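Treat the numbers as computed from the prediction; the structure is a model and nothing was measured.
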Amino acid sequence: MAMTATYGHARTDPHHIGRVAEHAGPAPKRIVTAYGFWVFLLSDIVMFSCFFAAYAVLVSQTADGPKGSEIFEQRNVAIETVCLLLSSFTCGMASIAADVRNRFWFYLGMAVTCVLGLAFLSIEFREFADLVSRGYGPSRSAFLTAFFSLVGCHGLHVSAGVLWLLTMMAQVFAKGFRADILRRMMCFALFWHALDIIWVAVFSVVYLLGGAP
Amino acid sequence: MLGKLDWSAIPFGQPIPLVAGAVVLVAILGVLIWVVVKGHLPYLWHEWITSVDHKRIGVMYVLLASVMLLRGGSDAIMMRIQQAIAYQSQGYLPPEHYNQIFSAHGTIMIFFVAMPFVIGLMNLVVPLQLGVRDVAFPTLNSVGFWLTATGALLVNVSLVVGEFARTGWLAFPPLSELSYSPGVGVDYYAWSLQISGVGTLVAGINLVTTVLKLRTRGMNYLRMPMFCWTTLASNLLIVAAFPILTATLAMLLLDRYLGFHFFTNEAGGNVMMFMNLIWAWGHPEVYILVLPAFGIYSEVVSTFSGKPLFGYRSMVLATMAICVISFMVWLHHFFTMGAGPDVNAIFGIASMIIAVPTGVKIYNWLFTMYGGRIRFATPMLWSVGFMVTFIIGGLTGVLVAVPPADFVLHNSMFLVAHFHNVIIGGVLFGAFAGFEYWFPKAFGFRLDERWGKAGFWFTFTGFWITFMPLYVVGMLGMTRRMQHYDVAAWRPWMLVAAIGMAVLTIGVVCQVMQLVVSIRNRAALRDRTGDPWDGRSLEWATSSPPPVFNFAFHPDVRGEDAYWAMKQHAKEQQLAHHAEPEYEDIEMPRNSPTGFVCAFFATITGFALIWHIWWMVILGVLGAFATFVVFAWRDHDEYVIPAAEVARIDRVNIEERRSLVSMAGAI
Ligand code: HEM
Ligand SMILES: [Cu+2]
């Protein structure tokens with residue numbers, strides 16, 4: 001817009017707002033992408049909150065089935081937690097490696113993250129399978145319904161994260177550290193760290209509070 | 001092999017859906033054949049289906065909404081006829097069919113009419129008003145639209161294959177649980193909302209990011225047009241509320257598919273939890289719909305009064321206040337369900353507080369008009385009609401927010417009258433106003449004013465004749481969703497309402513005619529200046545329809561009502577000749593079939609889930625995942641428009657505008 005670009009002096013500014021700092025224009029792509037992904041993560045956290053709320057409402061509705069304290073194994077949960085926290089660290093290493101464009105450390109960081117994620121998933125899967133085989137599946141009681149859904153929802157997110165992680169490794173392998181690949185990597189890292197934060201909440205609300213006798 | 005699907009799913013015994021379905025099917029096939037035979041398919045594919053241009057996507061949203069409005073409208077006509085004749089008789093609809101109709105009507109009107117309409121207008125207009133080239137995530141935008149279309153498609157499929165829910169538009173358990181609704185109706189409902197809900201969330205994220213991160217130079221927050229503010233508020237609500245809907249429907253589906261116990265009567269499930277969750281989404285939802293409409297009224301009223309919006313800052317404040325408070329009142333939807341007097345009182349008061357910022361808005365619009373040079377073009381008529389109508393709807397809203405009054409009026413026809421009062425008089429009128437106002441921007445020609453005004457007056461009168469009687473029968477004790485009744489006192493009012501529906505229908509016909517006539521006369525109605533209404537914000541600073549890149553330069557904003565100020569300034573300068581600016585290459589996102597292909601797989605997956613066809617579910621999900629990977633693998637997602645091309649396109653626009661301004665200067 002030629003005129004727009006050259007004539008744009010506002011004489012009519014009835015509230016004298018024009019004196020505030022001028023907005024500089026559209027943000028760079030990296031910022032826009034990260035910002036949008038943040039907004040998505042917030043909405044994902046809202047969804048998790050609903051499952052947390054359901055758990056809080058239903059935690060005592062055991063319908064004569066087992067209570068949390070009778071079925072949770074704190075040792076397993078501790079191992080899971082360590083896996084996930086460590087994986088957040090290695091994911092951070094991979095991000096740094098991507099930023100300095102070091103392939104070796106990038107692949108290594110991602111691979112370790114993947115292994116830790118899979119270890120977490122397999123422990124969780126064993127826990128679920130064990131409960132189901134003892135007749136304590138999600139349809140046994142409202143409490144178990146809420147438990148399986150909340151923890152399972154987190155598990156599904158981790159599984160999706162692992163798939164994404166492998167895709168990221170393949171992309172870097174095929175295309176190198178291009179700007180768009182780096183933006184995706186940044187989103188992936190945000191996602192993985194967010195899962196960690198949610199796990200801390202799951203761990204505290206489900207296993208610590210819900211597991212109290 | 002085909003899960004629960006067999007021949008009994010086709011309602012051979014019921015003539016109405018079968019005939020309706022056949023007609024629609026023939027119509028769709030006819031259009032498809034016409035498109036293919038005439039060779040329009042490549043055009044449609046390249047210019048629309050795979051387009052990632054926010055303007056095109058906006059138009060497609062509005063088109064979807066308009067088509068679904070006709071579908072939801074025919075449901076409304078059927079219900080009004082049924083209630084008019086079902087006095088001491090069964091009427092012409094079997095009860096379970098009537099139940100499907102009101103459930104489908106409510107679901108369609110909220111999710112596939114009102115939502116796509118406002119999202120479409122926001123998509124079309126907001127980047128233009130912000131002076132930018134596109135939304136933050138163009139391809140995602142297309143995915144969002146096509147997922148919404150998937151949801152709409154699934155609802156319509158239920159007409160001929162299987163059945164729709166009979167549980168009302170919010171599918172309250174335990175009625176919607178497997179033991180009470182064993183058919184596929186609730187599954188149709190839940191999966192179509194689940195899929196289109198993802199689309200809505202995507203649109204919300206996109207628009208929030210666009211408003212917060214992409215504004216042009218100098219477009220400070222307190223210089224954004226009002227519509228951008230209400231878009232921001234509405235989309236913040238989408239981002240915060242739609243995940244609640246997703247979670248709630250997921251819980252219901254887990255109950256139905258895997259025998260979970262979130263909301264069942266057995267094993268400790270909790271029905272009230274559903275009420276709280278669904279309304280924690282549901283109440284913000286009505287503000288998601290009405291806030292953009294408020295923004296449209298603000299733009300329209302100020303343009304057609306020839307004045308800046310009165311109390312701009314208080315308007316911003318009111319918008320954000322509504323955005324926050326709307327999350328704190330959900331319990332007013334179930335005052336009668338035993339939360340106790342204290343809780344009810346708190347939520348009642350919170351509900352009434354929303355009336356304050358809303359009142360502020362009404363006063364601001366009135367003061368904007370006061371002393372202005374008002375032109376009663378069609379968009380302005382819808383806006384003034386809204387103010388009159390909405391005041392009644394708002395007052396009855398405050399009334400039902402009083403818990404003792406609500407104990408009498410809950411689930412009565414009074415309530416039906418109230419929410420139609422606000423949803424038609426607020427959202428739909430706003431959508432129509434925006435449609436009339438921005439149509440020339442989108443297509444480059446104005447709409448016929450005579451048919452438009454006729455459309456307004458018939459719709460407006462028809463609305464009052466249809467819905468005011470419902471207030472009365474509500475007071476007379478008629479509850480909602482009645483298939484037939486035996487109370488003589490209600491009968492005359494139901495007849496009046498049916499007549500009103502007929503008048504309303506004439507209004508709709510007028511609007512269709514308006515479109516037909518205007519397309520025919522488009523040469524005479526052409527808008528060459530890009531600024532047919534003497535507008536005030538930046539969307540009018542570019543040509544109509546805008547070029548793909550919207551603006552050859554990012555406009556530089558120096559105050560409120562940016563384009564108005566530019567025009568004034570240009571007049572003052574007597575258009576002294578300016579040297580032609582240096583044009584630069586522009587990068588734009590490439591078209592992509594990702595959205596369409598994703599929606600294709602989503603449709604397959606949704607249909608398979610509804611009918612428990614598990615191999616097809618797996619196929620659909622794999623297909624969707626593959627689409628994503630393929631999309632992620634693209635190497636070139638942008639193309640460059642060379643500076644010479646930009647210059648060529650822009651010069652035409654500048655010349656037209658020069659003549660416009662010099663003409664105005666001569667007066
Ligand atoms: C055009 C004229 C319209 C008429 C005559 C009409 C008529 C009706 C009727 C008769 C009902 C059933 C009430 C009952 O017995 O429970 C109903 C329900 C409803 N309508 Fe409309 N409607 C119209 C437009 C709309 C629009 C534009 C919307 C939304 C944008 C809408 C949203 C709803 C909703 C959410 C329900 C509740 C459905 C339920 O009971 O579950 N309606 N309408
Ligand atoms: Cu409400």
Side-chain angles (χ1 to χ4, degrees), chain A residues 1-15 17-18 20-27 31-33 35-36 39-40 42-51 53-54 57-58 60-63 65 138-146 148-149 153 163 167 171 174-175 180 184, chain B residues 132 136-137 201 205 208-209 212-220 222-223 239-240 242-244 246-248 251 254 258-262 267-270 273 277 308 312-313 541-542 551-561 564-566 568-570 573 578 580-581 629 632 650 654 657:
Chain A
M1 210 72 337
M3 278 187 285
T4 325
T6 44
Y7 285 63
H9 307 279
R11 247 170 25 87
T12 49
D13 190 7
H15 303 294
I17 294 166
V20 287
E22 294 286 317
H23 174 68
I31 307 271
V32 173
T33 307
Y35 200 89
V39 176
F40 161 73
L42 289 177
S43 76
D44 210 29
I45 287 175
V46 173
M47 194 204 55
F48 267 107
S49 325
C50 295
F51 283 100
V57 169
L58 299 177
S60 56
Q61 304 298 323
T62 51
S139 45
R140 174 64 189 83
S141 71
F143 157 65
L144 284 164
T145 285
F148 272 91
S149 311
C153 186
L163 272 182
T167 319
Q171 289 217 311
K175 300 178 188 297
D180 57 339
R184 266 175 224 158
Chain B
V132 294
F137 309 106
L201 180 65
I205 293 172
V208 167
T209 316
L212 291 180
K213 285 290 155 209
L214 284 193
R215 287 161 290 129
T216 187
R217 224 173 316 132
M219 182 65 85
N220 298 352
L222 285 176
R223 288 173 181 174
V239 171
F242 265 75
I244 308 180
T246 308
T248 314
M251 292 178 197
L254 285 170
L258 298 176
F260 282 35
H261 290 291
F262 279 109
N270 189 327
M273 192 166 75
L277 285 171
Y312 172 82
R313 286 182 171 201
T542 180
F551 299 96
F553 288 92
H554 282 305
D556 192 0
V557 176
R558 308 282 176 86
E560 280 173 55
D561 282 356
W564 183 260
M566 289 173 192
Q568 294 309 103
H569 190 68
Q573 302 258 309
H578 277 252
E580 178 158 290
V629 174
D650 200 43
I654 290 179
R657 210 156 292 256

Item to check | Under 4.5 Å from a heavy atom of chain A, the part of I244(B) involved | outcome: both
Checklist outcome for this item: Closest non-hydrogen atoms of V32(A) and F137(B), given as atom of the first, atom of the second and distance, are O-CZ, 3.5 Å
Checklist entry - Closest heavy-atom contact between M251(B) and A54(A)? => result CE-CB, 3.9 Å
Next on the checklist: I'd like to know which of G269(B), A240(B), G259(B) tops the heavy-atom pair count under 4.5 Å against chain A.
Outcome noted: G259(B)
Checklist entry - Quick one: what part of R140(A) sits under 4.5 Å from any heavy atom of chain B, side chain, backbone, both or neither? => result backbone
Next on the checklist: Please rank P138(A), A63(A), A53(A) by heavy-atom pairs under 4.5 Å with chain B and give me the top one.
Outcome noted: P138(A)
Next on the checklist: Nearest 0.5 Å, please: how far is OG in S149(A) from NE2 in H261(B)?
Outcome noted: 11.5 Å
Checklist entry - Between L58(A) and G268(B), what is the shortest heavy-atom contact and its length? => result CD2-O, 3.6 Å
Next on the checklist: Need one label for L212(B): side chain, backbone, both or neither, based on atoms under 4.5 Å from any heavy atom in chain A.
Outcome noted: side chain
Checklist entry - What's the shortest heavy-atom distance between G36(A) and T209(B), and which atoms? => result CA-OG1, 3.5 Å
Checklist entry - chain A heavy atoms under 4.5 Å from V132(B): which part of the residue, side chain, backbone, both or neither? => result side chain
Checklist outcome for this item: Heavy atoms of M47(A) and A247(B) approach each other most closely as CG-CB, 3.8 Å
Next on the checklist: Can you tell me how far apart CG (L144(A)) and CZ (F260(B)) are? Round to the nearest 0.5 Å.
Outcome noted: 10.0 Å
Item to check | Closest non-hydrogen atom pair between K213(B) and I31(A), with its separation | outcome: CD-CG2, 4.0 Å
Checklist entry - Is it the backbone or the side chain of L214(B) that comes under 4.5 Å from a heavy atom of chain A, or both, or neither? => result both
Item to check | Criterion side chain to side chain contact (heavy atoms under 4.5 Å, CB included) on V46(A) and F242(B), from CA distance to verdict | outcome: CA-CA 9 Å; V46(A) 173; F242(B) 265 75; over 6 Å; no
